[in-house]
Amino acid sequence: MRFLLRRLAFYAFTAWAAITINFFLPRFMKGDPITAYLQKHQSEFNPEAIDSLRTLFGLESDRSLLQQYIDYWGLLLHGDLGRSFSRGLAPVSDVIASALPWTLGLVGIATILSFFIGTGIGSLIGWRRGSRADYVVPFATFFSTVPYFWMGLIVIAVFSTTLGWFPASHAYDKGSSPEWSWDFIGQVIAHGTLPAVTIVVASLGGWILGMRNMMITVLDEDYVTVAEAKGLAPQRVMTRYAARNAVLPQLSSFALALGFIVGGTLVMELVFSYPGVGKLLLDATNAKDWPLMQGLFLVITLAVLVANILADVAHAILDPRTRMMES
Amino acid sequence: MSLSTFPTTSETEENRTTEPQRPTRLSRLGKSFAMFRNPKSITGLVILGIFALVAILGDVIAPYGPLDKDFYALKQPPSAEHWLGTTHLGEDVFSQIVYGTRGVLVVGLVAGVLATFVAVLVGVAAGYLSGWRSESLSALTNVFLVIPGLPLIIIVASQYDNPSIVLISAVIAITGWAWGARVLRAQTMSLRNRDFVQAAKANGERLWRIIAVEMLPNLTAIIASSFVGTVTAAVLGLTTLAFIGVIPITNLNWGTILFWAQQNGAFPDFWWWYVPAGLCIAILGMALSLVNFGIDEYVNPRLRSAGERARAMRKKGMSLTGGVTEVRTADDAAAPPDAAPEPEEREAALRR
C-alpha cells in the first residue's frame, strides 16, 4: 500500500504547511494590535489566557522562534486557539464550533447536489453531442461567470423582497432557538433554500462543462465502440462504459473545488447573513479580532484537507488503476 | 548568401528570396496564435478588446468624472443626461463603470501575468526535473491548491490600511498559480520523454534552450489557458473583495460600485445602479471563458469535431446514440465525397 502511504505523507505535509503558515501570519503583521488590546483589557483576562494569546501571536520576544513554534504546537494539540476579542472573550474553538455545522450542512448539501446534477447533465450533453442539448453549455457558463454576490442579491430582491416566497437572511426565524422540532427544521429549510439554490446554479456550469468534455473524449475510445458493437443497450453503454470513466477527472476537481467553495460560501454567508464560518471570518476581519481570524483560517484549511482525503478515497474506490500503479 | 556569388541578378534574386521567406515567418507567428483562430476565441477576444479600449480611452468616453456629484439628480433612472442613471450622491453610474473598467483590467492582467509566470516556472521545472526536486515542487503546488484563497486574501488585505493595487494583484496571484502549475507539470512530464526532446538532449543542448525552444512552444496552449483562467479568477476575486469592503473604496472598480449600491439600499428598486456593473463582470467572464473554450477545442479537437460529426450523421438520418447501426445504401455513401469538390479546386478548374 505504497499509494496510501504517499497520500498520507502528502496530507501530513500539507497540514504541517498550513499550520506553519498560520504560525507565521501574525508574525508578519504590521503593528501590534494584540499588545494594545491586552493592555487595555488586562483585568478581564486570566493569566493563562494571556499566556496562550502571547504564544499564538508571537509576542514572547524573550523566547527563541523555535521555542515559540513548539509552544504553538502544544497549544494547538490541546485545542486552545486563544480567546475571541469580539465575542466576549469566549474560547475561539467554541465560537467556531457553533458556526461550523451551519456551513457544513448548507454548503455540503449544495455542493453535493451541484456535483451530481452537473455531472448528470454533462454526461447527457456529451452523449447527445451535436444535438440541441449543446445550447445548455453557454447558459451554464454564463451563470458560473456571474459574480456570486450579485446573483445572490438579485435573487433576494426578486424572491424575497418582491415576491416574499423565502426569507432573505439568517438560518432560522428570529426569536426561535435551535431545537429538534418539525417547526424549526421547516424554518431551516425555508431559510436555506435560496442560498443553496444560488450555490448550485453558480457552480453547475463547471461540472457540466468538465463532464461534457470528458464524455466526448471518452466516447471516441475503442471500448465504447466495442460495447456498442456488442449490442449493449445504449443506456448501459452511456452509464457503465462512458460516464464511469469520464467521471474520474471530475472527482479530482471536486476535491479541488471544495477549496474554492469554502471561499464562495464566505460571500454567500455575507449576502444572506447566514451564521456560518464565512460570516464569522468577515465579522472577525471587520472587528480586527485576530485570534478568531487565525483560528478560522486554520479550521477552513483543515476542512478542505479532509474533503480532499475523502475525494481521494472515492477516487481509489472507483479507479483501480490508482491503487495498482503505485504498488 | 547565394546573392554574393551572383551579383548581377542580385535585385531579382533578392525579391525572389525574400518573398517566400516572409510568409514562413508570418505563418510561424500565426501558428503560435492558432489556438485563437476559431469563432469562439475570436468572439471572446473582440469583447476583451472592447473592454480594453474602454479602459484606455476612459477619460474620453466617460461624460462625467467618476466622483462628480450632481445634487440635483439623486438616484435618477437612466435619461439622456445620465445614460445609466445616478447614485445616491448624484454620481453618474455610466462614468463610474467606464472608469472602473481600468481597475478591473489592470488587476486581472497583473495578477494573470504574475501567476502564469510562477506557474510556468514551477510547473515546467517540476515536470522536467526528476527525483526529490520534482517531488518537492509538486508538493508545494499541492499545498497552494489546498489553501483556500479568498480567506487568505481577506486576512492579508486586512492587515494593511490601504493595500495598493499591486499588492492585491500579487496576493491574488500567489493564491492562484497552483492549478496552472499542476497542468503544466503533467504536460511537461509527457513531453520530456518525446523523441525530439531526447534528440536535443543528445545533441548537448543546454537546459534552458531545451526548455525555451523545444518545450515551451508545445506548451503555449496550456499556458494561454491557465493565463485566461487566472485572469477570470482575479477579476471575480477583485470584485468580490471590493464588494465585501476589504479593498479601499478609493480604488474604483465594478465591485466598488456594487458595494455602494448595496450599502445604500439600491436593491431591488434602483436597478440601473447594480445591474450594469454585475453584467459587465459576467460579460467579461464570459468573454474569457469563450477564449478558453477555443483553446480547449484547439488542444482537444474531438470537442469540436464530435459535435460536427454527429450533426452530419443526423442529417443523413443516422442516429449516433441509437443501439442499432443503420446500413447505408451504396449511392448514399459514395455521393458526398465526389460530388462536392473543394471550392479552391473548382476555381482552379475554371481558371484552367
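Letters go in sequence order (proteins before strands), and every chain restarts at 1.
- A 6.0 Å sphere centred on CD of A/E221 holds more than 12 heavy atoms belonging to other residues, nucleotides or ligands.
- Only the side chain of B/E135 comes within contact range of chain A, judged by heavy atoms closer than 4.5 Å.
- Among B/L140, B/T240, B/L290, the residue making the largest number of heavy-atom pairs under 4.5 Å with chain A is B/T240.
- Here the side chain of A/W150 pairs no donor or acceptor atom with the backbone of B/A277 at under 3.5 angstrom.
- Chosen from A/I156, A/V271, A/N213, A/L219, the residue pairing most often with chain B at heavy-atom distances under 4.5 Å is A/N213.
- Residues B/I283 and A/T145 form no side-chain contact, since every pair of their non-hydrogen atoms from C-beta on lies 4.5 Å or further apart.
- Counting all heavy atoms, side chain and backbone alike, B/Y274 lies closest to A/I154 at CE1-CG1, 3.8 Å.
- The two atoms that bring B/A282 and A/P147 nearest to each other are N-CD, 4.2 Å, heavy atoms only.
- A/L305 touches chain B through backbone and side chain together, each having a heavy atom under 4.5 Å away.
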field: Chi angles and distances behind the side chain to side chain contact (heavy atoms under 4.5 Å, CB included) call for A/F13, B/N142
entry: CA-CA 10 Å; A/F13 175 74; B/N142 283 331; over 6 Å; no

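- With a 4.5 Å cut-off on non-hydrogen atoms, A/A17 touches chain B through its side chain but not through its backbone.
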Please tabulate, one pair per line, all N/O donor-acceptor pairs under 3.5 Å involving side-chain atoms of residues 225-237 of chain B, not counting sequence neighbours.
unit_1	atom_1	unit_2	atom_2	d
B/S226	OG	B/I223	O	3.4
B/T230	OG1	B/S226	O	2.7
B/T230	OG1	B/F227	O	2.9
B/T232	OG1	B/V228	O	2.7

Pair B/F144-A/T14, side chain to side chain contact (heavy atoms under 4.5 Å, CB included): steps then yes or no: CA-CA 9 Å; B/F144 273 92; A/T14 313; over 6 Å; no

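- For A/Y241, there are no ring pair (Phe, Tyr, Trp, His ring centres under 6.0 Å) partners at least two apart in sequence or on another chain.
- Neither the backbone nor the side chain of B/L284 comes within contact range of chain A; no heavy atoms are under 4.5 Å apart.
- Rounded to the nearest 0.5 Å, atoms CG (A/L270) and CD (B/Q262) are 6.5 Å apart.
- The closest side-chain heavy-atom distance from B/I244 to A/L282 is below 4.5 Å.
- Under the side-chain contact (heavy atoms from CB on, under 4.5 Å) test applied with B/S289, the options A/L209, A/T141, A/V137 reduce to a single match, A/T141.
- Only the side chain of A/F10 comes within contact range of chain B, with heavy atoms under 4.5 Å apart.
- Between chain B and the residues A/T217, A/I21, A/V146, the most heavy-atom pairs under 4.5 angstrom are made by A/T217.
- Atom CZ of B/F51 has more than 12 neighbouring heavy atoms from other residues, nucleotides or ligands inside a 6.0 Å radius.
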